[in-house]
Amino acid sequence: MSDTFHTPASVDPRLLEVLVCPVTRGKLTYDRDRQELVSAGAKLAYPIRDGVPIMLAEEARTLD
């Protein structure tokens, strides 16, 4: 099985309406290429693993 089987091509827009950054409580955007949810306010990118957003600040990648 390839990783693309487990990773969605896109994130359901309804999910983006509900999820917020746990640090800032601000909106998130979806980065399809990196499979991340990005919080511009917190300058963090939360990974999506096996189709599940990992909404923990300690798991997030810091944006430059």
Side-chain angles (χ1 to χ4, degrees):
M1 264 186 258
S2 71
D3 184 48
T4 54
F5 178 81
H6 296 289
T7 306
S10 65
V11 171
D12 186 337
R14 294 173 293 180
L15 184 61
L16 284 177
E17 290 175 12
V18 176
L19 288 177
V20 295
C21 173
V23 175
T24 66
R25 303 283 187 232
K27 285 185 135 188
L28 298 166
T29 57
Y30 176 55
D31 183 335
R32 182 179 181 181
D33 293 335
R34 291 185 174 256
Q35 289 296 301
E36 296 175 327
L37 295 176
V38 177
S39 170
K43 296 186 178 177
L44 294 173
Y46 299 95
I48 299 173
R49 296 186 188 131
D50 295 324
V52 178
I54 309 300
M55 302 305 296
L56 300 170
E58 56 270 12
E59 293 287 324
R61 179 175 66 84
T62 304
L63 301 174
D64 296 328

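Note: hydrogens, waters and symmetry copies are ignored here, and every other heavy atom, side chains too, is used. Bear in mind the structure is a predicted one, so any value in this text is a computation, not a measurement.
- The side-chain contact (heavy atoms from CB on, under 4.5 Å) test with Leu37 is passed by exactly one of Asp31, Ile54, Leu16: Leu16.
- In this structure, CG in Asp12 is found 10.0 Å from CG in Leu19, a value given to the nearest 0.5 Å.
- Between Leu28 and Pro53 there is no side-chain heavy-atom pair separated by less than 4.5 Å.
- Nearest heavy-atom pair across Tyr30 and Gln35 is OH-NE2, 2.7 Å.
- Between Thr24 and Gly41, the shortest heavy-atom distance links the atoms CG2-C, 4.0 Å.
- Under a hydrophobic-cluster definition in which Ile, Leu, Val, Met, Phe, Trp and Tyr are linked whenever side-chain heavy atoms come within less than 4.5 Å, directly or via other members, Val38 and Ile48 are assigned to different clusters.
- Here the closest heavy-atom approach between residue Met55 and residue Pro22 is recorded as O-CG, 3.5 Å.
- The structure places CD of Glu36 at 10.0 Å from CZ of Arg49, a figure rounded to the nearest 0.5 Å.
- Using a 4.5 Å heavy-atom threshold, the side chains of Ser39 and Val23 count as separate.
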